[in-house]
Amino acid sequence: MSNVPAELRYASSHEWARLEADGSVTVGITDHAQEALGDVVFVELPEVGKSLGASEAAGVVESVKAASDIYAPLAGEVIAVNEALADAPESVNSDPYGAWFFKLKPASAADLDQLLDAAAYQASCDA
Amino acid sequence: MGQRTPLYDLHVALGAKMVDFGGWDMPLHYGSQVEEHHQVRNDCGVFDVSHMTVVDVVGVQAGEYLRRLLANDVMRLDRVGKALYSVMLNPVGGVVDDLIVYRCVEGYRLVVNAATRAKDLAWLQAQAEGFSVELRERPELAMLAVQGPHALERCTELLSPERAAVVRELKPFHGLALGEWFIARTGYTGEDGLEIILPAGEAPGLFNELVGAGIAPAGLGARDTLRLEAGLNLYGQDMDEGVTPQAANLAWTVAWEPADRDFIGRNALEAQRAAGGAETKLVGLVLEERGVLRAHQVVRVAGIGDGEITSGSFSPTLGKSIALARVPAGTGERAEVEIRGKWYPVRVVKPNFVRHGKPLI
C-alpha cells in the first residue's frame, strides 16, 4: 500500500503538487510511481524559465527498468529545479515527497483545484 | 497466471515484485534491484532459476548426438564433472539457443533457457532421429544459483558435510551429482558461485536456509544487470536464429577442430568465414554522460553505418550506462546513440565490463 499524503494534490499521471506559501507549486512523483519504476538512476529536469502547459512533458525519470516522462500537473513557468537529484537520484525512491523535481509559478492558482485529491488519486491507483 | 516454481510462495512472502518471464511468474526484485546487484558483486546472493529447462541426454550415442547438435565439442569433456558452454545452430548458422552441458556418469545434462523450452525440446527431439539416444526432461527438479565472491564459502558452511565436500572439490565450470542433487560451479553473473539442481520438494528448504543465513534473495532484475556487466548474452535479445556465433561475440565457443566433425550449421559458418566473416559484430558501449542506454536504440557509426542496441541498462557497479550493441563489423572506438531524439557519444569497448567485482573498462 503506497503512501498518499492527504495535504497534496495529484495528477493521474502520478505527479504530486504542493501549493507553497509564496504561491508557487512544487512538483514531484508519487510513492506509487517510484515503486512502479524501481530504482531511479537518472532524472532529466526542465529548464528554469520554461513555460509548460498542463500535462506537457516536463522531464524524464529513468529507472534501471525503464524511462518515463514526467508531466506538468498544471500550466506555469518553471522557477526552480532540484539540482540535488543529479547526484542522488535514489532519493526519489527513498523519499518521494521530499525529492521534488521542479517548482512552477502557476498560470492560475485555481488550476490546482482541478487536480485529484488524495482519496481520488488513491482510487485511480487501485482501479 | 503463469507457471510457478516451487519457491513462488516464498518469493511472495519475501515481498518480491513478481513479473512474467517466458510464461513464468518470477521475482523481478525484493525491494531494490540495485541493492541485490551489489550484494552479489560484493558478497553473495541467491536466485531462483527453477524456470530453466534441464534435459538429460543418455544412450550409447549421447556423445555422438551432441557432437552433431552443438557447435562446441563435447569430446572436450574428457571426464565426468566437466562442463562447457555452447550454442546449437540451425542449418544456416543461426543460434537456436545457448546452453551449458555437463558430463555426467550416465550421459550428459543440458540446461537450456526457459523462454525457449518448447522450441528447444522439439529441436532436440528432431535432431535425435537416427541416434540411439534418449532425452529426459527433468521438470521435477528445481534450480538455485548462489552467486558472489563469498558464495562457495557460505554454501560449505550451510550444506551437509558430504555436499560441502563436493563444493570444495569443484573447479570452475565443473558440476557433480550427489544423489538427486547436482552441484555445479557455474553461473550467469561474472562472479564465482554455484548452481544447485535439486528435487523440487527440497528447494524451499534450501532457499529458506540460505536466506535465513543472511544470503540476499536476488531477482531477475539484478540477474540481468549482472550478466550485462559480465558481457554475457541473453538469448532472444543479443542473439537469435538470425544471428551467427561470429555476430554474437561467440566465435570462441565454436570448435572447428576436428575438421571432420559435421555439426549442424558448420557449412554455413564456413561459408561466412570464406566470404570474409560476419557483416556485424556484437560490441560493448559505454555512455559517459548521464542517461540510460536501452535495447533497440539506434547506434550511428560515422562513415560506416548504423547498428542497434540489443541490451542496455544502468550499470550499478560502474555507476553509468552500458549496453551490448550489434554494429557494422568495421566499427572502431567511437559511436553515437540516439536517446529520445538526441545523439549521445559512446565509447565502443569489448563486451565485458565487470568480472569478479573489478571494472574492466
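Chain letters run A, B, ... following the sequence lines, proteins first and then strands; every chain starts at 1. Predicted model, so just to flag it, every value in this text is computed and none were measured. Computed over heavy atoms, backbone and side chain alike; hydrogens, waters and symmetry mates excluded.
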Top contributor to chain B contacts, counting heavy-atom pairs under 4.5 Å, from A:Val64, A:Val60, A:Asp39: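 When all of A:Val64, A:Val60, A:Asp39 are compared, A:Asp39 has the most.
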Against chain A, label B:Arg290 side chain, backbone, both or neither, depending on which of its atoms sit under 4.5 Å from a heavy atom there.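 Both backbone and side chain.
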Less than 4.5 Å to any heavy atom of chain A: does that hold for the side chain of B:Ser321, its backbone, both, or neither?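 Looking at B:Ser321, nothing touches chain A.
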Residues two or more places apart in sequence or in another chain: which of them pass side-chain hydrogen bond (donor to acceptor under 3.5 Å, both in side chains) with B:Asp25?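 With neighbours one apart ignored, the set is empty.
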Quick check for you: among B:Ser32, B:Ser315, B:Ser313, which has the greatest number of heavy-atom pairs under 4.5 Å with chain A?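 Sorted descending by pairs with chain A, the first entry is B:Ser32.
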Pair B:Glu288 + B:Arg347: basic N to acidic O under 4.0 Å: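 Counted as a salt bridge, because a side-chain N and a carboxylate O are separated by less than 4.0 Å.
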Donor-acceptor pair between B:Glu229 and B:Thr317 side chains, under 3.5 angstrom: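 Distance-only check passes for B:Glu229 and B:Thr317.
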Can you tell me if B:Tyr30 and B:His11 form a side-chain donor-acceptor pair at under 3.5 Å?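 There is such a pair between these side chains.
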Side chain, backbone, both or neither: which part of A:Glu90 has a heavy atom under 4.5 Å from chain B?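 Neither part.
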If the plane angle is over 60° it's perpendicular, under 30° parallel, otherwise tilted; pick one for A:Tyr121 and A:His32.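 Taking A:His32 first and then A:Tyr121, their aromatic rings stand perpendicular (interplane angle over 60°).
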